[in-house]
Amino acid sequence: MQVAMKSYFFLPPVRQAAGGVTVLRRMASFLAASGREAHLVPREMQGEGPGWAPSESFVEAPIVAWDKLALKSGDLWVVPEGWVNALTPGLSAGARCLVYVQNWAYLLSALPEGVSWRMLPVDFLAVSDPVAQFVAATTGREAPVLRPGIDTNLFSAPKQKPSVSDGVRIAYMPRKNKALAKQIRETFSALDESLAARCHFVEIAGMTAQGVAEALQSAHIFLATGFPEGCPLPPLEAMACGCLPVGYMGFGGADYMRQAIAPESDPAPFAPWWPVRDVPWAAHGGGNGLWSADADILGAALHLKTAAEWFLSGSPQVAQTLAATLANGRATAAAYTLDVQRQNVLDLWQRYEST
């Protein structure tokens, strides 16, 4: 008789849990709710901050204390990519070890001296198509893609945005490359002082998820300054809230980010050099934002200027372009819902259980 596979998710000792920890918590919750045995294993007791708050969108999977963990050979031990030492319990027990790569930038940096991923008996899971490409290039192994999801019951467009007659509202998160965000703002103001005077920046920091959603719903534009990224959620949440996103892909964001402006009309043309997958919201050449190369301050400021001009323009053609871009953004967010994530988790685990 085959024993059902048990899944254990390592939670790293971080004080303020960001989106990556929430993704792991949700995965375990989806599996537990489906009748599977799934557990969270925090290295330390839960930290503080908005990321650790109980969520109404899922019921927490049961917790196993670190010192009570007793893995067996038939178990699945899931560890995020930046915590290679946490693989030890799984490797020692002969369990199946699964490294979930949520940010490509930490895949290699945490390896001990003289150790490579090619030496370790682990499987990989990638959070996005670009991350899967990075894993394949650097480890020689394929990584199935398991994308995260956003709570579209919480992050949704309001019935009506504030009138731009009171100014164009630009939301941003200063914790994502704070110095660069400041430089983009300064450059944007220097490009056109009169335009900048008609714009207001909305800082999103230290808020609960509800607070973030309300801030995005009050904004017209979202300035994305994060990189490196695995599959950034804030731009998706902004799209769901009806914002026009502007900024950086962080490499991993190319999983869904597509340019909304033609190269010949773009003041700072940029396109990924790596292969990007086909997505339905760009099937007819449409895009969902104005994207720049990572760390390109002038390019991001020029795109921010273009975005603000779109909202203030009285041109029917510009209004049509803006409306189409916002619609593509909503379609993008709809492809990353929690229901989609849940089904993808269950489908993937069914494959693991059969191999």
Side-chain angles (χ1 to χ4, degrees), residues 1-14 17-47 51-102 120-127 132 135 141-151 230-231 336-355:
M1 178 179 177
Q2 185 177 5
V3 179
M5 183 182 74
K6 299 178 182 179
S7 301
Y8 295 85
F9 292 79
F10 171 73
L11 298 186
V14 292
V21 169
T22 301
V23 169
L24 294 172
R25 291 167 62 195
R26 278 205 178 108
M27 288 171 64
S29 174
F30 294 154
L31 293 169
S34 72
R36 293 170 169 84
E37 190 163 347
H39 303 270
L40 299 173
V41 186
R43 184 62 182 86
E44 299 173 0
M45 291 312 292
Q46 290 97 320
W52 284 110
S55 173
E56 295 181 359
S57 63
F58 62 90
V59 177
E60 203 80 82
I63 293 176
V64 173
W66 177 261
D67 58 2
K68 302 294 184 183
L69 179 64
L71 294 171
K72 296 181 175 58
S73 60
D75 296 336
L76 182 63
W77 178 231
V78 185
V79 174
E81 79 291 339
W83 301 86
V84 62
N85 289 339
L87 288 167
T88 302
L91 295 174
S92 299
R96 183 174 187 177
C97 295
L98 180 64
V99 178
Y100 189 17
V101 187
Q102 296 191 69
L120 299 176
V122 301
D123 294 324
F124 291 98
L125 185 62
V127 76
V135 171
R141 301 181 198 173
E142 298 301 313
V145 175
L146 179 63
R147 297 176 174 86
I150 61 171
D151 185 353
C231 189
Y336 289 79
T337 66
L338 295 182
D339 285 340
V340 172
Q341 182 191 17
R342 178 187 297 106
Q343 190 58 55
N344 288 341
V345 168
L346 298 182
D347 290 346
L348 183 63
W349 250 249
Q350 191 171 26
R351 288 165 52 189
Y352 288 143
E353 290 163 347
S354 63
T355 57

List the atom of [X], the atom of [Y], and the distance in Å for their closest heavy-atom pair.
| X | Y | result |
| --- | --- | --- |
| Ala32 | Ala38 | N-CB, 4.1 Å |
| Pro121 | Cys97 | O-CB, 4.4 Å |
| Tyr336 | Pro148 | CD2-O, 3.7 Å |
| Ala143 | Ala132 | O-CB, 3.7 Å |
| Pro144 | Arg351 | CG-NH2, 4.1 Å |

Compare all side-chain heavy atoms of [X] with those of [Y] and state whether any distance is below 4.5 angstrom.
| X | Y | result |
| --- | --- | --- |
| Trp349 | Ser34 | no |
| His39 | Leu69 | no |
| Leu346 | Gln350 | no |
| Arg342 | Val345 | no |
| Met27 | Ser7 | no |
| Ile63 | Leu11 | no |
| Glu353 | Arg36 | yes |
| Val145 | Leu125 | no |

Option from Val78, Leu87, Asp123 for which side-chain contact (heavy atoms from CB on, under 4.5 Å) with Val99 holds: Leu87
Residue from Leu76, Val79, Leu40, Val64 passing side-chain contact (heavy atoms from CB on, under 4.5 Å) with Tyr8: Val64
Partner set under side-chain hydrogen bond (donor to acceptor under 3.5 Å, both in side chains) for Glu142, not counting sequence neighbours: none
Please round to the nearest 0.5 Å and tell me the distance separating atom [atom1] of [X] and atom [atom2] of [Y].
| X | Y | atom1 | atom2 | value |
| --- | --- | --- | --- | --- |
| Thr88 | Leu71 | OG1 | CG | 11.0 Å |
| Arg96 | Tyr352 | CZ | OH | 6.5 Å |
| Thr337 | Ile150 | OG1 | CD1 | 8.0 Å |
| Gln341 | Leu146 | CD | CG | 6.5 Å |
| Arg43 | Asp67 | CZ | CG | 9.0 Å |

salt_bridge(Asp75, Lys72) N-O dist < 4.0 Å: no
Judged by atom type as modelled, is there a donor-acceptor pair below 3.5 Å linking the side chain of [X] to the main-chain atoms of [Y]?
| X | Y | result |
| --- | --- | --- |
| Ser92 | Pro89 | no |
| Glu81 | Gln102 | yes |
| Arg141 | Val122 | yes |

Parallel, tilted or perpendicular, as decided by the 30° and 60° cut-offs, for the rings of Trp66 and Trp77: tilted
